[in-house]
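Data first, discussion second: the structure below is written as structure tokens.
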Amino acid sequence: MAVTISDKHLMKFMSCEEYTAIAPQIQAAHTLLHKKEGLGNDHLGWVDWPVAYDKEEFDRIKKTAAKIQSDTDVFIVIGIGGSYLGARAAIEFLKSQHYNALPKKTPDIYYIGNSISSTAMAELLQLCEGKDVTLNMISKSGTTTEPAIAFRILREMLVKKYGKDGARQRIYCTTDQKKGILKKFATDEGYETFVVPDGIGGRYSVLTAVGLLPIAVAGADIDALMQGAADARTDLMSTDLEQNACYKYAAIRNILYRKGMAVELLVSYEPSFTMMSEWWKQLYGESEGKNHKGLFPASVIFSTDLHSMGQYIQDGRRILFETVVQIDKPKYEITIGYEEGDSDGLNFLEGKTMDYVNKKAFEGTVLAHTDGEVPNVILTIPEVNEHELGYLIYFFEKACAISGYTMCLNPFDQPGVESYKKNMFALLGKPGYEDLRADLEARLK
Ligand code: PA5
């Protein structure tokens with residue numbers, strides 16, 4: 001298995017009986033998922049997607065990515081939430097956090113439409129000056145305000161630059177196959193479209209065209225990514241917790257949650273994992289945070305955040321546990337050299353790699369935090385590549401579904417996200433929201 005789990009640093013917080021007690025509930029969640037009998041069972045398209053994906057569209061994604069690589073300096077991903085987080089997470093993890101700045105043969109990639117900041121937009125427009133630009137507008141519904149505003153502004157910039165016909169060759173829309181305002185608009189304008197499949201929610205959509213087109217533009221091997229997910233789909237079927245790291249992780253989360261843990265802190269010692277953590281937070285936050293339930297998903301990068309959040313984790317309220325994602329083999333090795341005179345006192349590390357030191361920081365931290373009564377569960381992946389990433393993505397998606405069912409909730413809807421949208425539309429004077437507007441304005445006075 002490409003993801004292994006260790007509960008060695010948990011055993012003082014949990015007993016074997018607790019695994020035994022929760023096992024039938026995990027088994028029940030597995031049955032609900034695979035028999036498609038659970039809540040949200042119209043959103044299970046992701047379960048078989050790694051083998052059932054549309055092969056014709058997949059080839060078109062690769063061809064389009066090659067075209068974009070050949071004629072584009074700046075590729076802009078317009079989307080919010082599940083419509084951009086997965087792509088950005090995969091690109092930064094596989095390539096680099098500094099992807100745009102490092103030497104490469106692929107376009108720079110920017111993400112917009114994930115806020116309503118005019119500063120972010122103005123800066124992006126400046127970045128595009130004198131550059132060849134391509135847009136990928138991604139929205140399942142097509143009605144999400146943030147990306148819709150960004151798309152309007154950037155479309156205008158593209159039409160000014162290339163004319164209407166030229167812009168048409170540089171705009172790709174990823175949206176619903178048949179319905180929605182964006183689908184209609186793209187069809188009317190003659191933009192090439194890709195599909196957000198029915199039955200796959202935004203936060204489960206990274207392995208569809210939503211994530212695959214940007215990831216392919218960045219030069220990553222999307223065949224290997226899908227193969228990793230397909231291998232995870234095959235591997236992660238056993239309901240024996242000792243045979244299935246994914247189900248064991250779901251079980252541990254639920255056991256700790258029921259013991260009063262309120263926060264799960266995802267920890268990585270690789271800065272390039274930062275956006276993966278953002279993707280994971282959306283996946284778990286939107287899936288479990290409902291009916292006044294759910295673990296609050298938070299994240300840190302160590303050792304960076306040991307110098308900011310470390311004090312709280314070691315010594316603050318005992319409401320959290322840590323899930324550490326470890327990478328066995330780093331992408332690069334750097335060895336610490338010898339210095340005459342040892343003026344910085346580091347000669348004791350001569351000949352050691354930075355990764356060796358990083359791993360010792362991990363070991364020391366796990367022991368310190370467990371001494372401080374913070375349970376630690378360790379997930380390990382062998383290395384950073386497309387296959388391992390595809391596996392990890394599927395691992396987290398399936399663990400999330402099993403965990404959500406075990407918490408007796410629907411892991412596939414997100415009713416709470418609508419509340420702010422309704423209020424914002426009303427306050428902006430959108431037709432149809434007049435009564436709500438009057439009420440909100442009175443409350444804001
Ligand atoms: O996971 C989700 O469903 C959400 O995060 C959506 O992806 C996000 O709200 C964007 O929606 P849409 O793709 O319809 O613009």
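Counting starts at 1 for both ligands and their atoms, following the listed order. Position 1 is the first residue of the sequence, and the numbers go up from there. These numbers come from a predicted model, not from an experiment.
For atom 11 (O) of ligand 1, the closest non-hydrogen atom of the protein is Thr144 OG1, 3.5 Å. Nearest protein heavy-atom contact of atom 14 (O) of ligand 1 is Ser141 OG, 2.7 Å. The protein heavy-atom contact nearest to atom 3 (O) of ligand 1 is Gly202 N, 3.4 Å. Ranking protein heavy atoms by distance to atom 9 (O) of ligand 1, first place goes to Ile80 CG2, 4.4 Å.
In this structure, Phe362 and Tyr269 have perpendicular ring planes: the angle between them is above 60°, well past the 30° mark. Ring-plane geometry between His369 and Phe302 is classed as perpendicular, the angle between the planes exceeding 60 degrees on a 0 to 90 degree scale with a lower cut at 30. A perpendicular orientation is assigned to the rings of Phe412 and Tyr405, their planes being inclined by more than 60° (bins at 30° and 60°).
Shown here is Lys35, whose NZ atom has no more than 12 heavy atoms of other residues, nucleotides or ligands within 6.0 Å. Applying the 6.0 Å contact sphere to CD1 of Ile319 captures more than 12 heavy atoms from other residues, nucleotides or ligands.
Heavy-atom proximity to Gly81, at under 4.0 Å, picks out these atoms of ligand 1: 5 (O). Those atoms of ligand 1 that come under 4.0 Å of a heavy atom in Gln282, given as number and element, are 1 (O), 2 (C), 4 (C), 5 (O). Close approach to Arg203 involves these atoms of ligand 1, each under 4.0 Å from a residue heavy atom: 1 (O), 2 (C). Within the listing of ligand 1, atoms 12 (P), 13 (O), 14 (O) sit less than 4.0 angstrom from a heavy atom of Lys140.
Both tests do not hold together for Lys422 against Tyr433: distance to the six-membered ring centre under 6.0 Å, angle to the ring axis within 45°.
A salt bridge links Lys140 with Asp198: the closest approach of a Lys/Arg side-chain nitrogen to an acidic carboxylate oxygen falls below 4.0 angstrom.
When only interatomic distances are considered, the shortest N/O to N/O separation between Glu286 and ligand 1 falls below 3.5 Å. Inclusion of Gly82 in the set of residues having an N or O under 3.5 Å from an N or O of ligand 1 is warranted.
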